[in-house]
Each structure stands twice: as C-alpha cells, then as structure tokens.
Number of protein chains: 4
Amino acid sequence: MRTREGNKKQDILDAAIQVFAESGYYNAKISRIAETAGVATGSVYLYFHNKEDILFTLFDRIWLELSEQLQVIVDRQDITPEQKLDGLIDMVFGVLTNNPSLAIVFVNEQSHLIQKGVGDFNVYYENFLDLGEKVLQEGMDNGEFSPDINLKIIRLFTFGGMHHLIQKWAQSPDSYPVEVMRQQVKSLIKKGIKI
Amino acid sequence: MRTREGNKKQDILDAAIQVFAESGYYNAKISRIAETAGVATGSVYLYFHNKEDILFTLFDRIWLELSEQLQVIVDRQDITPEQKLDGLIDMVFGVLTNNPSLAIVFVNEQSHLIQKGVGDFNVYYENFLDLGEKVLQEGMDNGEFSPDINLKIIRLFTFGGMHHLIQKWAQSPDSYPVEVMRQQVKSLIKKGIKI
Amino acid sequence: MRTREGNKKQDILDAAIQVFAESGYYNAKISRIAETAGVATGSVYLYFHNKEDILFTLFDRIWLELSEQLQVIVDRQDITPEQKLDGLIDMVFGVLTNNPSLAIVFVNEQSHLIQKGVGDFNVYYENFLDLGEKVLQEGMDNGEFSPDINLKIIRLFTFGGMHHLIQKWAQSPDSYPVEVMRQQVKSLIKKGIKI
Amino acid sequence: MRTREGNKKQDILDAAIQVFAESGYYNAKISRIAETAGVATGSVYLYFHNKEDILFTLFDRIWLELSEQLQVIVDRQDITPEQKLDGLIDMVFGVLTNNPSLAIVFVNEQSHLIQKGVGDFNVYYENFLDLGEKVLQEGMDNGEFSPDINLKIIRLFTFGGMHHLIQKWAQSPDSYPVEVMRQQVKSLIKKGIKI
DNA sequence: CATGAATGAGTGTTCATTCAT
DNA sequence: AATGAATGAACACTCATTCAT
C-alpha cells in the first residue's frame, strides 16, 4: 500500500518489471502485477490501456534513458570517437546491469515489439541506433575508423552482441563479470573497426 | 488426406515454423498448425507431447544441424583457424537465411528455452558453443588470435551479434543483404581478435 | 444480473445439484451449471477450485447436516436407544427425501468420493457413522440390543439399505412412499438387532 | 496376445473389469482396456458397439449369474424359505467377493445403468429381485415371515445393504471379513422379518 | 480515483470412434 | 477379422478487461 500519490504508475511499472522477469510476458498475470504494486487489479487500467501497453511503456522508458545518456556522450566535444565508443559500451552495460530484472525483460521480450512496430518506443529505439551510427560516422570521417564498415550492420551486430551477453549475465551474473564483458567488447569492437 | 508415410511429423514441424513465425509462440494455435500441416488437430498430439514440445523439437533440430555442420568445419586439417572462423560465420548465416521463417522462430523464441533449460537441445546448443570456442582456442594456441580474449565472452558476443542481424534480416531481407552481413561480421571479428 | 450478495456460492451449489442429478457428474458441464445459476462460466471458479470441488462441497454439506441432526438425537437424555434409532431413520429419510435432486446426487456420485478420500467431508461422514454406532452401542450396553451384533457391519448395512431405497425412491417417488419405507426399515432393524 | 480364438470378447470384458475397477468408468480409456486385453484398440469395436455397451454387458453377465444361481436355490424343494434366504445371502456374497475387481465395478457404476434403463440387463436385474421376492413371499405364505413386510421395500433394502457392505469390503477386505458379514446379515434379516 | 467481483471469449488437450489397409 | 493411425468434437479452466459501487 504505497503512500505518496502520483507514484502508482511507476509502482505498476516496477511491479511489471519484476513479474515479467520472473514469468515472461505471456505468463505474467495482471492481477499479480497489481498485487505486487499494491493496487487493485482494475487500477492498472487507469494507468495503462492494456497489458501490452505496460510492456511498451517499459521499453519506451528504457530506450529513452539509453537515448538520453547516449546523447550526452555524442554531444561531448572533448573526446574522440573512439572514446565515445567506449562510453557507449560502458553506458549500455551500466544501465542494464544496474537492474537485472529490467535487463531480463529487455532482452527476452524484445520480439513482441518487433512484431508490432507500434508505439513511440520505436522513436527512441531508432534514435538510439542513429546516435550510435553517428559515433561511428564521426570516427570514419576523421579517419579513425575503417571506411569499409557498414554502419547499419555494425551497429546492429554490436548491439546484438551486447544484448546476448547481458542475457547470459542476467542468468548467472557470476559467470560473466560486467567488467570483463565491457573490456572484451570494447577491445573487440575497436580493433575490429579501426583502420 | 493421407500423404506418404513418415512425413506427418515433419509436416507438422514445417507448419509450426510458419505459424510460430507469423504469430509468435503464444499466439500460435495448435488448430492452426494442424490445419496448415493438413492434419487434424488431435494428430498433432500423436507426434508431440504438447505445444512446448513442438518448439523444443524445432530448436533441437536447428542446433543439431548447426552443430553437425560446425563439427565438419572444426575437424578439417587443411585450413587455418582464421579460415575456420570464416567458415563458421558463413555456415551460420547459410543455415538460418536458408529458411526465413525458421530464422524468425529461432531468434524470437529463444527465451522460452532459456527459461526452461530442459531437453536435449541444450546438449546441441552447448556443443555448438564449445565447437566455436575450440576454433578460437586453436587460433590462440598457434598465435593467430590474441591471447587476451575471453573465449566464453567472445563466442557469446559473436553469436548474439549474428543472431540480431538475422532477426533484422528476417524482417526486411532487402535492407540487410546476406553477403554484406557475412563480410562485415567476418572482417570485424577477425580484426577484433587478431594479435 | 446482480443478486443479493453472498448468495452466489449457494446459487451455484443449487444449480450443480440440479445439473448433476440430471446428467451425472461426468456429463455435467460447468457452463450449464453456471447458466442454471445465472452467473458466467468463469464465476464458478471464483467460488470453487474446480469441478470436483463443487461435488465435494455438496457432500460436505450433506454429511454435515446429517451429522448435526444426528448429534441432536444422540445427545437426548429423554429417549431410549430404540427411540433414537427410530429418530435416526426418520431423520435420514427426512433430509434426503426433502430434496430429490440432492438425494440423486448423493446416492449416485458417492463413488467419486470414496475413490479419492480427500476433503473434510470424510470427517463428517465418519462422524455420522460413529454417531450411529454410538446409538447401537448404547442399546447394547443397556441390554436392549443383542450383544452379538457387529457394530461396524450393521451400521454400514443399514446405511446402505436406506441409501438404496432412497435411490429407487428418487427415480419413482410414487412406487416407494416415504412413510412406508421408514416404517419398514424401522421395523426390520429393530426386530433384527433386538435381544 | 491370447491364443485361442473365440476368447477375445471375454478377454476384453475381463480387461474392462480391471480397468473400470482401477479408474472408474469415465476415466477408463478404451485404449487401456484393449491393451490389457491384448488386442488393438479398434478390435474392441468388433465386439462392442461402444464403451457403454461394455459396461452394460458386464452388468448383464453379473445379473445373469446372480439370477441363475438364485433360480437354483428358489427351485429347491428340500429347504425352507428361511434356508433359502440364507442361501441367497451366501450366494450373493460368494459371487461378488469371488472377484474383487468385479465387485468394485458392480457397486460403483450401478448409477450409469439406472440413469439409462436400457439393455437386457434390466431383465436379469428384475428377474433377480423377483426371485428374491418369491423367497420372501413363500415364507410369508407358510407363516414363517411376518405378513407385515413390504416385499419390494425389504428386498431393495436388503440388496442395498449387502451392496454397500461389499463396496466397503472391496476397499479394505481385511476390515470386513466375508464370513462375519454373511452371518450378521443373515441374522439381522431373518430376525427382522420373522413373525 | 479506486476497487475487485464478474465476465465470457478463447484454447490446449483428451479420447471415443472410425476406416484405410 | 484385425489393426492402430487419424479424426474432430467436446470441455474444463484461464485471465485480460470491464463496471457497478
């Protein structure tokens, strides 16, 4: 029974992260999410249109956060494209490993969104990838990165690789130390795209 | 509607690939799969224990094929580890882009399996990753690949990257030509892990 | 179609008595019970775990009522064991012939419960038989009833005989007048167990 | 895989007794009965119209046997009605306790038949009760049994009582020794209906 | 805004019965 | 006669969503 008004929507989202992570989207019951959030079942529908809307809102927020943080990195004038790439990788691992349940939902339920293609979340998703592309482009323009790389492909590959690592990490955090993952990915990518 | 004996199980699997690809596992109806396969609903249960069993069998077969083909590559004595890596990448793209629907199912429904961890398919999956690791190890041993790479992480990253590329390719094959994907991935990985 | 609160569970039980009596337990459809009760199919599951639970609850209530009423008879100090036996017989016929549908369910579906042996209903059942045994024992102790009778067997035989009579009565009430049944049973039992 | 021809129908009946006794009529699968009988599923339908027909045939046979044996007793000229009553009781216990599985089916699945009222088995059932009635009538005519007894009711009560005892006996044979049951029932009935 | 009882459409699974061989 | 793979109707149960309070 949360006290402060105005937190209910966030409470429900937080509850949904937990429940989706535990059971997966399709096996997650609205009643369970409501219970976890400390609200009545029907109240969920005061804040969300339907079950899918909860998931979309979650992704929306994740992509927004990733996008905003990446924007800061991209906008910096004091670091090289290579350093920006490092920052990007650190940031993604940071955001997702910061909340294991969220990471699980993020990597496991991706496909629902792809199949629909609806919602604003796509804006942030595309925006995120575009920013990543910008970093690569910048590096190509100033000769740091190889002119032969296909931006769209490399950005997808890199994102998919990290995505998969985080999925495994969420299952057994001890087997895949975050620090080692970061360092390996940075090294691989940078060597891989340099001139 | 009798067809030649011995094809029903495969007919159902083929139908399941289509239906799972179209609707996703949870929205796929057994009755639809049966209809697509040209059999009665009940017949599905002559060949599979339940819905989940169909999905597991599909994955089982994919991993088995990937495993078998990779084994051939790994066993070759006439090519270098680097060439084996090229072969691995070509093979994975080949197998999965050969059947777009299968590729969609493969990349979208992965999470169900991970959450369960049952079935022999895990054997093939682990086997596949072990073989990939063997290629990398071989290259490290003979000085072709950097001694600093973490095998487990690199193999997961690489697989996740290809996985994601194939997911995008399955959505819009024209935006991501298979040839370009192969070449880019080969180039990135090889440069990324070389000395 | 809201009715006064607190009646739904009883409405469903009443409907189940009718439907079970008409079709038998296995041929009774939940949807039919719900319809008869004036509620939606799903509502049945708000009050009962599953179909079996409805049946068990029915038996639970019947045995409870039989038990409670018998307890009153057993506790009386102003009548002889023989009179208590009369009272017992009157009571059982009274309770069951009061609701023919209930009687049908009671006598026809007994076997499901016996095969399971779960639920509290067993408590009331055993309790009922124990109380009946007590009446017999009392009569044996004060020399009214023969010392040669085997309590367990006589109580089961008597109950089974009444049970069967009620089954026939439920099928054609006119062929087996309740009054005659009562009188005949009383007479047979009392003469049969007296010294 | 039975060998001698001409036994299949009986094999299936024997198998059905076992399976019905174990699982109850509704939970018994035709495939299981066939398997137990050592024939193919479809073969069951060469000998029986449907599942119900198997049950009806079983009851048919039991009632026929009970009827035939009772006929012998009734026809004897050398014993009194009281002795015939003893014989009847011995015979019923004998037939049913001879095959516990059969007894279980007999007592548990009675209700299916009653609800239908079809099949020839009714003939034998009625015949059996009529023969029992004849014994009682004979005793009333020669002054051994009370003229006040209602034949239909007493015969049903008696049968129901034995029926219930056998049901309990089938569940735990050790708690209810057949000899004691016989003796108690004989004593109760005879004392109960005598002048 | 909040509740949670009520709804009823939707579907995986079973199994008696059929029939091509 | 015998088989057993195939059929498809049937139904218990679930749960996202609604709405009277």
Side-chain angles (χ1 to χ4, degrees), chain A residues 1 5-6 8-9 25-35 37-54, chain B residues 1-3 5-6 8-9 12 26-35 37-54, chain C residues 1-3 5-6 8-9 12 26-35 37-54, chain D residues 1 5-6 8-9 25-35 37-54:
Chain A
M1 207 69 70
E5 280 309 323
K8 290 233 171 111
K9 185 164 188 175
Y25 176 73
Y26 277 103
N27 292 314
K29 300 180 206 171
I30 294 289
S31 60
R32 182 85 198 294
I33 293 173
E35 188 189 28
V39 302
T41 300
S43 299
V44 171
Y45 289 85
L46 295 173
Y47 299 97
F48 299 93
H49 297 308
N50 50 41
K51 192 178 176 181
E52 207 173 41
D53 188 30
I54 304 175
Chain B
M1 206 71 67
R2 302 298 178 86
T3 56
E5 269 322 316
K8 289 253 170 77
K9 186 165 187 175
I12 293 166
Y26 279 102
N27 292 315
K29 300 180 210 169
I30 293 289
S31 59
R32 182 83 196 295
I33 292 173
E35 189 188 27
V39 301
T41 301
S43 298
V44 171
Y45 291 87
L46 293 175
Y47 299 98
F48 300 94
H49 297 307
N50 49 43
K51 192 178 176 182
E52 205 174 43
D53 188 29
I54 304 176
Chain C
M1 206 72 64
R2 302 298 177 87
T3 57
E5 268 322 317
K8 288 252 171 80
K9 185 166 188 175
I12 294 166
Y26 278 103
N27 292 314
K29 300 179 210 171
I30 293 290
S31 60
R32 182 82 198 295
I33 293 173
E35 188 187 28
V39 301
T41 300
S43 298
V44 172
Y45 292 87
L46 292 175
Y47 298 98
F48 300 95
H49 297 307
N50 49 41
K51 192 179 175 181
E52 205 173 44
D53 187 30
I54 304 177
Chain D
M1 207 68 69
E5 280 310 323
K8 290 231 172 113
K9 185 164 187 175
Y25 176 74
Y26 278 103
N27 292 314
K29 299 180 206 171
I30 295 288
S31 59
R32 182 84 197 294
I33 293 173
E35 187 189 28
V39 301
T41 301
S43 299
V44 171
Y45 290 85
L46 295 173
Y47 299 97
F48 300 93
H49 297 307
N50 50 41
K51 191 179 178 181
E52 207 173 41
D53 189 28
I54 304 176

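Every heavy atom of this structure was used, including side-chain atoms; hydrogens, water molecules and symmetry mates were not. Here is how names work: the chains are called A, B, and so on, in the same order as the sequence lines, proteins then strands, and each is numbered from 1.
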Visitor: Do D:Y25 side-chain atoms and D:E52 backbone N/O form a donor-acceptor pair below 3.5 Å?
Guide: yes
Visitor: Take the protein atom NZ of D:K9 and the nucleotide atom C1' of F:dA1, then report the distance between them rounded to whole Å.
Guide: 15 Å
Visitor: Could you pick out which residue, A:I30 or C:Y26, lies toward the 5' side of DNA chain F when each is mapped onto its nearest nucleotide?
Guide: C:Y26
Visitor: Starting at the 5' end of DNA chain E, which residue's closest nucleotide do you reach first, B:T41 or C:T41?
Guide: C:T41
Visitor: List the atom of D:F48, the atom of D:D53, and the distance in Å for their closest heavy-atom pair.
Guide: CA-OD2, 3.4 Å
Visitor: Using the side-chain heavy atoms of C:A40, tell me which of these nucleotides is nearest: F:dT3, E:dG8, F:dT18.
Guide: E:dG8
Visitor: Need one value for B:V44: base, sugar-phosphate or nothing, where a base atom within 4.0 Å counts as base even if backbone is also close, heavy atoms only.
Guide: nothing
Visitor: Is any side-chain N or O of A:K8 closer than 4.0 Å to OP1 or OP2 of E:dC1?
Guide: no
Visitor: Atom OH of B:Y45 and atom P of F:dG8: how far apart are they, to the nearest Å?
Guide: 16 Å
Visitor: Is there side-chain contact between C:V39 and C:L46, with heavy atoms separated by less than 4.5 Å?
Guide: no
Visitor: Rounding to a whole Å, what distance do you find between A:R32:CZ and F:dT14:P?
Guide: 16 Å
Visitor: Report the nucleotide, chosen from F:dT17, F:dA2, F:dT7, that has the shortest atom-to-atom distance to any side-chain atom of D:L46.
Guide: F:dA2
Visitor: May I ask you to evaluate whether C:Y47 reaches the phosphate of E:dA6, defined as a side-chain N or O under 4.0 Å from OP1 or OP2?
Guide: yes
Visitor: Name the pairing partner of E:dA20, where a pair is Watson-Crick or G-U wobble with both distances under 3.5 Å, or state none.
Guide: F:dT3
Visitor: Is any side-chain heavy atom of C:Y26 closer than 4.5 Å to a side-chain heavy atom of D:N27?
Guide: yes
Visitor: How many whole angstroms separate atom CG of D:D53 from atom C1' of E:dT17?
Guide: 14 Å
Visitor: I need the CD1-C1' distance between C:I54 and F:dC13, as an integer number of Å.
Guide: 12 Å
Visitor: Under 4.0 angstrom, heavy atoms only, what part of the nucleic acid is B:A34 near: base, sugar-phosphate, or nothing?
Guide: nothing
Visitor: Under the 3.5 angstrom rule, does the side chain of B:K8 hit a backbone N or O of B:A37 as a donor-acceptor pair?
Guide: no
Visitor: When the distance from CD1 of C:I33 to P of E:dG8 is rounded to whole Å, what number comes out?
Guide: 18 Å
Visitor: Side-chain N or O of A:K29 less than 4.0 angstrom from OP1 or OP2 on F:dT14?
Guide: no
Visitor: Could you check which of E:dT17, F:dA16, F:dA1 has an atom nearest any side-chain atom of A:K51?
Guide: F:dA16
Visitor: To the nearest Å, give me how far apart CD (C:E35) and P (E:dA6) are.
Guide: 18 Å
Visitor: Using OP1 and OP2 only, check whether a side-chain N or O of C:S43 sits under 4.0 Å from E:dT7.
Guide: yes
